[in-house]
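Read the structure below first, then the notes.
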Amino acid sequence: MNAVLITPCISFQCRLLAVKMTPLGLVLVSSALLAGLCAAGPQVLRVTTIKEEPYAMSKGSELEGFCIDLLSAVSKKLDFKYDIQLVKDGRYGTTDDSGNWNGMIGEVVRGEADIAVAPLTLTAKRETAVDMTKPFMQTGLSFILRKDLASDDSQFLSLLTLFSTEMWMGVLVAYLLTSICIFLVSRITPREWEQPEKEKNFFTLSHSFWYTVGAMTLQGAGPHPKALSGRVITSIWWLFSLVLLACYFANLSLWLHSDNQQLSIKSFEDLANQNLIEYGTIKDSSSFNFFKNSNNPTYHRIYEHIKKAQSYSLNAEEGFRKAQKGNYAFIGESVSLDLAVARYCNLTRAPEIIGMRGYSIAAPLGSPLVKNLSVAILRLSESGELDYFRSKWWASSCVAKNGKSAPLKPTSLKGIFLLLALGLGLGLFLALMELAAKSRKTANTQQKSCCSVMSAELSQRFRGGEAMTPESSEKSKA
């Protein structure tokens, strides 16, 4: 019996075999082919990458980094093995004068690698040569420069920004209430003003305000309260002032030594409009081509300047070194610049990010791997694994040293505000109790009701200390 079989081989390429055999031979050959397929195991992919921190870094004889973790996670989801190698020419991939691709893109195009796993920017030009997956990381263009080149914009009221508006309002209300309470207590308590008809009260309203200010500035302003109620309020106010000043000066110290500086060069337009700081990027990179192909006049001026000044960098590390040494701003991918800022604490990144794009995995045109790789990347993103890889490899060594000084809000000191309110309430209560004790003693002596005596005392004390003569008493009754 004649039979024609199409059999897959172990290398996953199909070939046509014409076999002339008996039914028994057909069974035996089929069994052997099935056994061979099972023994073949998962496909081994040839992966090319580039050595760049933190995507792929040497660790002994092996590699580690964000892209290595990504490749490992994807291979587990798609069940394939891989053989990873560094790109021979150390380039990402661009075309030469003859139109041939170099770098990792070139290796994929020539069939020297099955996929390229690296921070490869997804561009229209690369899409014409290879197929690229869904982005595994979003980025954009920005620039870094040394912090001592970043001059501060002088702000008239910068010292007021250490406290939030709500905090300043809270301090003002606390100051007014405390001053008024000191004034009221000094009027009410007989131990502060024993004989209103003969003595003068030194704690006028203006002196109460001045006394509270003096206590806040730790200078003091006499005379000091003699009554227990007044001393309770002043003691609580002193404590409030100490805590408030400690928080203010702590925030001031952090603000003076922090890296939260306002750049005089905040955008690419500022960079293009000055000639004191040199700037550049990696030659023939996607960042360079962005400015080269841009129709934006500002961006095209940046391209013309870089081309004229030849202020290129061979790679990102060289750009970081130039930025650290002096008068140079390095333009690159924002995620790479964030890593540089995390590693080198004397660098800072401009706040502006332009030209948002993504990093993708490259595969040959028409490769069935692209769809599966894209699905795997999306699943890793949805499960939070990509965020974990990012936080793992972008950990900053400068966070502990250079915290950001944020305006202090009232919620941060709500305890001391509550303590002040309780102190003011307690002081007023004690002053009333002291006046009530005196009124009761006077009432017992004069055979009058305590309430009438206390009412007369309060009236006399808040009318400026006039003596309550019998004639004035009769006039008031009339």
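One-based numbering along the sequence shown.
Among pairs with a residue in residues 314-329, those fulfilling salt bridge (charged side-chain N to carboxylate O under 4.0 Å, His left out) read Glu318-Lys322, at least two apart in sequence or across chains. The side-chain hydrogen bond (donor to acceptor under 3.5 Å, both in side chains) contacts involving residues 385-395 comprise Asp69-Lys392, Asp69-Trp393, Ser383-Glu385, where partners must be two or more places apart or lie in separate chains. Applying the salt bridge (charged side-chain N to carboxylate O under 4.0 Å, His left out) test to residues at least two apart or on different chains, none of the pairs has a partner in residues 294-310. Among pairs with a residue in residues 416-428, none fulfils side-chain hydrogen bond (donor to acceptor under 3.5 Å, both in side chains), at least two apart in sequence or across chains.
In the model, Thr212 has no side-chain atom that pairs as donor or acceptor with a side-chain atom of Thr178 under 3.5 Å. Side chain to side chain, Ser360 and Lys134 fail the donor-acceptor criterion of an N or O pair below 3.5 Å.
Judged by distance alone, with hydrogens and angles left aside, the side-chain atoms of Lys147 form a donor-acceptor pair with the main-chain N or O of Cys345 at under 3.5 Å. In this structure, the side chain of Gln274 engages the main chain of Leu276 through a donor-acceptor pair within 3.5 Å. Listed for the Tyr328 side chain is a donor-acceptor partner under 3.5 Å among the backbone atoms of Ser311. No donor-acceptor distance shorter than 3.5 angstrom exists from the side chain of Thr281 to the backbone of Ser287, with no hydrogens or angles considered. Within the 3.5 Å criterion, the main-chain N or O of Ile68 finds no donor-acceptor partner in the side chain of Ser72. Put simply, the side chain of Thr133 gets close to the backbone of Ile361: a donor and an acceptor are under 3.5 Å apart.
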Q: Decide side chain to side chain contact (heavy atoms under 4.5 Å, CB included) for Tyr312 and Ile282; before the verdict, give the C-alpha distance in whole Å, the side-chain angles of both, and the deciding distance to 0.1 Å.
A: CA-CA 6 Å; Tyr312 302 112; Ile282 301 174; over 6 Å; no
Q: Please step through side-chain hydrogen bond (donor to acceptor under 3.5 Å, both in side chains) for the pair Glu352 and Ser142, ending with a clear verdict.
A: CA-CA 6 Å; Glu352 185 183 33; Ser142 188; over 6 Å; no
**Q.** Pair Trp237-Ile182, side chain to side chain contact (heavy atoms under 4.5 Å, CB included): steps then yes or no
**A.** CA-CA 10 Å; Trp237 177 250; Ile182 290 178; 5.8 Å; no
**Q.** Glu333 and Leu337: CA distance, side-chain angles, deciding distance, side chain to side chain contact (heavy atoms under 4.5 Å, CB included) verdict
**A.** CA-CA 6 Å; Glu333 306 282 357; Leu337 301 184; over 6 Å; no
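When all heavy atoms of Ala309 and Glu278 are compared, the closest pair comes out as CB-OE2, 4.0 Å. Taking each heavy atom of Ile50 and Leu86 in turn, the nearest pair found is C-CD2, 4.2 Å. Heavy-atom minimum distance, Gln138 versus Arg357: OE1-O, 3.1 Å. Counting all heavy atoms, side chain and backbone alike, Gly140 lies closest to Ile353 at CA-CG2, 3.6 Å. The nearest pair of heavy atoms linking Ile277 to Leu145 is CD1-CD1, 3.8 Å. The two residues Leu120 and Ala362 have their closest heavy-atom pair at CD1-CB, 3.9 Å.
Note: Phe320 and Phe330 meet the aromatic proximity criterion, with ring centroids under 6.0 Å apart. In this structure, the ring of Phe240 has its center less than 6.0 angstrom from the ring center of Phe417. For Phe163 and Tyr248, the ring centers sit closer than 6.0 Å to each other.
When side chains are defined from C-beta on, Leu244 counts as touching Met167, because their heavy atoms get closer than 4.5 Å. No side-chain heavy atom of Leu386 sits less than 4.5 Å from a side-chain heavy atom of Met137. With contacts defined as side-chain heavy-atom distances shorter than 4.5 Å, the pair Tyr359/Pro135 does not qualify. A 4.5 Å side-chain heavy-atom check between Leu177 and Val173 finds at least one atom pair inside the cut-off. In this structure, Val375 and Leu78 have side chains that are not in contact, with every pair of non-hydrogen atoms separated by 4.5 Å or more. Residues Ser229 and Leu428 form no side-chain contact, since every pair of their non-hydrogen atoms from C-beta on lies 4.5 Å or further apart. Within the 4.5 Å cutoff, side-chain heavy atoms of Ile115 are placed close to those of Leu71. Between Ile144 and Tyr344 the shortest side-chain heavy-atom distance does not fall below 4.5 Å.
Annotation for Met169: atom CE does not count as buried by contact number, only 12 or fewer foreign heavy atoms lying within 6.0 Å. Atom CD of Glu62 has 12 or fewer neighbouring heavy atoms from other residues, nucleotides or ligands inside a 6.0 Å radius. Applying the 6.0 Å contact sphere to CZ of Arg126 captures more than 12 heavy atoms from other residues, nucleotides or ligands. Shown here is Lys77, whose NZ atom has more than 12 heavy atoms of other residues, nucleotides or ligands within 6.0 Å.
With sequence neighbours excluded, the residues satisfying side-chain contact (heavy atoms from CB on, under 4.5 Å) with Leu432 are Ile188, Met454.
Atom CZ of Phe268 sits about 13.0 Å away from atom CG of Asn273, to the nearest 0.5 Å. One distance of note links OG of Ser235 with CG of Leu228; it measures 9.0 Å at 0.5 Å rounding. Between the CE atom of Met356 and the OG1 atom of Thr139 there is a distance of 6.5 Å, given to the nearest 0.5 Å.
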Please set out all donor-acceptor pairs under 3.5 angstrom arising from side-chain atoms of residues 288-295, sequence neighbours excluded.
from   : atom 1 : to     : atom 2 : distance (Å)
Asn289 : ND2    : Ser285 : O      : 3.3
Asn293 : ND2    : Asn289 : O      : 3.1
Ser294 : OG     : Asn296 : N      : 3.1

